[in-house]
Enquirer: 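Before I ask anything, here is the structure I am working with.
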Number of protein chains: 2
Amino acid sequence: MSKLLDACSQTLMETAPQIMQAIRVEMRRGRGSDISIPQFRAMRFIQRYPDSSLSSLAEHLGLTLPSVSKLVDGLVNQKLILRGILPEDRRKITLSVTTTGSAIVNSARTIARSTLAEKMKNLSDSDLRSILQAMQLLHLIFNDQGK
Amino acid sequence: MSKLLDACSQTLMETAPQIMQAIRVEMRRGRGSDISIPQFRAMRFIQRYPDSSLSSLAEHLGLTLPSVSKLVDGLVNQKLILRGILPEDRRKITLSVTTTGSAIVNSARTIARSTLAEKMKNLSDSDLRSILQAMQLLHLIFNDQGK
DNA sequence: TTCTAATAGTTAGAAAGGCTAATTAATTAT
DNA sequence: ATAATTAATTAGCCTTTCTAACTATTAGAA
């Protein structure tokens with residue numbers, strides 16, 4: 001049980017919520033359309049993996065199928081994504097982002113990204129590299145949540 | 001607009017939610033008492049700043065006063081914190097953690113911390129140092145949310 | 001000093017987002 | 001052909017959050 005490992009866990013538990021809060025605030029600020037963080041993440045996922053199923057989206061988001069079904073309902077109603085049926089297996093649905101959806105994701109992303117960048121602009125390059133590396137490591141570790 | 005800065009913002013936006021999710025899962029697993037992340041953060045804050053007011057807590061959590069009032073209700077009902085009146089200004093309340101509250105926070109913290117540590121145990125010391133440094137930097141940046 | 005402003009919290013009521021359990025529809029396997 | 005499995009939805013509930021309206025207390029101005 002290394003001291004270092006312990007310190008990492010601890011600081012992670014304290015810092016992660018703060019970062020999330022900042023991100024949430026920036027996302028809200030950059031709204032013209034009301035889009036929550038999970039909705040945003042959903043659209044990003046669908047953008048990256050077009051025609052993905054509800055199940056894979058649920059797994060990515062770490063939510064249950066019913067929750068994601070509702071979340072998708074909301075996005076479909078706002079015409080930000082499309083829900084189709086997969087011909088080869090008609091139980092499955094295929095999700096895709098509409099052009100307006102794409103535009104909204106991209107603009108929200110740009111705004112949030114630039115305000116986050118603003119906050120970090122006074123850091124040295126070495127600090128930034130540290131952060132980048134740390135995030136990449138954490139991304140790998142926490143990507144497949146719990147499996 | 002450095003590439004590095006941009007990459008940092010981007011990876012931050014992608015990774016932070018995943019980390020939060022993992023933390024939430026661990027907190028739930030380590031429950032014997034049902035305590036949400038915001039409640040946990042509230043108790044941590046009150047532990048650190050005893051006799052703090054509702055307003056300062058609300059500011060720390062990034063929530064509105066009514067929301068925090070309810071959140072505090074919940075903790076008071078579970079006898080995890082105490083809500084008193086400040087004699088010098090009877091409009092203000094003072095919050096403090098009970099001994100059972102303290103015990104629960106500490107055990108939840110220990111459990112979550114050790115399962116997070118478990119996930120990171122295969123990282124090298126240099127990777128861990130990277131993460132630690134990054135978190136400390138981000139903690140400083142995002143501590144005073146938005147001010 | 002007395003009335004008005006401002007401040008600290010609470011209450012009420014609505015909306016959103018999550019869950020479990022039950023249901024429907026389609027596919028696979030016996 | 002029927003049973004079991006899989007994919008998604010619906011129903012119903014609970015929690016968390018918000019805004020708006022309210023109460024109580026203090027501070028300030030006439």
Side-chain angles (χ1 to χ4, degrees), chain A residues 17 20-21 23-25 27-29 31 33-43 46 49 51-78 80-96 145-146, chain B residues 17 20-25 27-29 31 33-43 46 49 51-78 80-96 145:
Chain A
M20 275 313 296
Q21 214 161 268
I23 292 177
R24 237 175 264 121
V25 167
M27 294 276 302
R28 299 241 163 87
R29 188 168 301 166
R31 77 178 161 206
S33 173
D34 263 328
I35 185 172
S36 69
I37 301 271
Q39 285 179 326
F40 176 80
R41 291 223 299 143
M43 294 181 72
I46 300 169
Y49 306 103
D51 298 327
S52 54
S53 70
L54 197 68
S55 308
S56 55
L57 177 59
E59 193 189 341
H60 171 73
L61 296 176
L63 299 176
T64 60
L65 272 176
S67 301
V68 179
S69 186
K70 259 193 197 178
L71 184 154
V72 162
D73 273 353
L75 292 174
V76 168
N77 288 341
Q78 292 179 255
L80 301 182
I81 66 174
L82 294 174
R83 172 166 39 191
I85 294 171
L86 189 71
E88 306 103 63
D89 183 341
R90 299 167 39 72
R91 291 171 302 183
K92 295 188 185 167
I93 66 174
T94 62
L95 298 168
S96 54
Q145 68 272 357
Chain B
M20 276 312 297
Q21 216 160 269
I23 292 178
R24 235 174 267 121
V25 167
M27 295 277 301
R28 299 239 164 89
R29 188 168 302 165
R31 77 176 159 207
S33 174
D34 263 328
I35 184 172
S36 70
I37 300 271
Q39 284 180 326
F40 176 80
R41 292 225 298 143
M43 296 182 72
I46 300 169
Y49 306 103
D51 299 327
S52 54
S53 70
L54 196 70
S55 309
S56 56
L57 176 58
E59 193 190 341
H60 171 72
L61 296 176
L63 299 177
T64 62
L65 273 175
S67 301
V68 178
S69 186
K70 263 193 192 176
L71 183 153
V72 162
D73 273 354
L75 292 174
V76 169
N77 288 340
Q78 296 183 64
L80 301 182
I81 67 174
L82 294 174
R83 171 166 39 191
I85 294 171
L86 190 71
E88 305 105 61
D89 185 340
R90 299 166 41 72
R91 288 171 302 184
K92 294 186 184 169
I93 67 174
T94 62
L95 299 169
S96 55
Q145 67 274 358

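Everything numeric in this text was worked out from a predicted model, so none of it was measured. Chain letters run A, B, ... following the sequence lines, proteins first, then strands; residues in each count from 1.
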Enquirer: Could you state the atom-to-atom distance from CG of L57(B) to P of dT10(C) in whole Å?
Expert: 11 Å
Enquirer: In whole angstroms, how far is the P atom of dA7(D) from the NZ atom of K92(A)?
Expert: 6 Å
Enquirer: Using heavy-atom distances to pick each residue's nearest nucleotide on DNA chain C, tell me which of Q39(A) and S53(B) is more 5'.
Expert: S53(B)
Enquirer: Tell me if dA6(C) is syn or anti. Syn = glycosidic torsion within 90° of 0, anti otherwise.
Expert: anti
Enquirer: Does the structure show a Watson-Crick or G-U wobble partner for dG9(C), both distances under 3.5 Å? Name it, or say none.
Expert: dC22(D)
Enquirer: Looking only at side-chain N and O atoms, does R83(B) come under 4.0 Å of OP1 or OP2 in dT10(C)?
Expert: yes
Enquirer: Select one nucleotide: of dT17(D), dA8(D), dG9(C), the one nearest the side-chain heavy atoms of P38(B).
Expert: dT17(D)
Enquirer: If you check the R91(B) side chain, which of dT25(D), dA8(D), dG18(C) turns out closest?
Expert: dT25(D)
Enquirer: Between I37(B) and I23(B), is the side-chain contact (heavy atoms from CB on, under 4.5 Å) condition met? List the steps.
Expert: CA-CA 9 Å; I37(B) 300 271; I23(B) 292 178; 3.9 Å; yes
Enquirer: Out of dT26(D), dG9(C), dA7(D), which nucleotide sits closest to the side chain of R90(B)?
Expert: dT26(D)
Enquirer: If you check every side-chain atom of S55(A), which of dA26(C), dA8(D), dT9(D) has the closest atom?
Expert: dA8(D)
Enquirer: What is the distance, to the nearest angstrom, from the CG atom on L71(A) to the P atom on dA15(C)?
Expert: 19 Å
Enquirer: Which pair of heavy atoms, one from Q39(A) and one from Q78(A), lies closest together, and at what distance?
Expert: NE2-OE1, 4.3 Å
Enquirer: Find the distance D73(B):CG to dG9(C):P and express it as a whole number of Å.
Expert: 13 Å
Enquirer: Determine the minimum heavy-atom distance between S56(B) and S52(B), stating which atoms define it.
Expert: OG-CB, 3.7 Å
Enquirer: With rounding to the nearest 0.5 Å, note down the distance linking CG in L82(B) to CD1 in I93(B).
Expert: 11.0 Å
Enquirer: Does dT16(D) have its OP1 or OP2 closer than 4.0 Å to a side-chain nitrogen or oxygen of S36(B)?
Expert: yes
Enquirer: Please report the distance, rounded to the nearest Å, between CD in Q21(A) and P in dT16(D).
Expert: 16 Å
Enquirer: Nearest-Å distance, CG (L61(B)) to C1' (dG9(C))?
Expert: 15 Å
Enquirer: Strictly under 3.5 Å: I want the nitrogen or oxygen pairs between protein and nucleotides 19-22 of chain C, one per line.
Expert:
{"from": "dC19(C)", "atom 1": "OP2", "to": "T64(A)", "atom 2": "N", "distance (Å)": "3.1"}
{"from": "dC19(C)", "atom 1": "OP2", "to": "T64(A)", "atom 2": "OG1", "distance (Å)": "2.7"}
{"from": "dC19(C)", "atom 1": "OP2", "to": "S67(A)", "atom 2": "OG", "distance (Å)": "2.3"}

Enquirer: Any chance you could measure I46(A), atom CD1, to T94(A), atom OG1, to the nearest 0.5 Å?
Expert: 10.0 Å
Enquirer: Taking CG from L54(B) and P from dT25(D), how many angstroms apart are they, rounded to a whole number?
Expert: 16 Å
Enquirer: Which whole-number value in Å describes the distance from I93(B) CD1 to dT7(C) P?
Expert: 18 Å
Enquirer: State, yes or no, whether a side-chain contact exists between T64(B) and V68(B) at a heavy-atom distance under 4.5 Å.
Expert: no
Enquirer: Work out which heavy atom in L75(B) is nearest to a heavy atom in A42(B); give both atom names and the distance.
Expert: CD1-CB, 4.3 Å
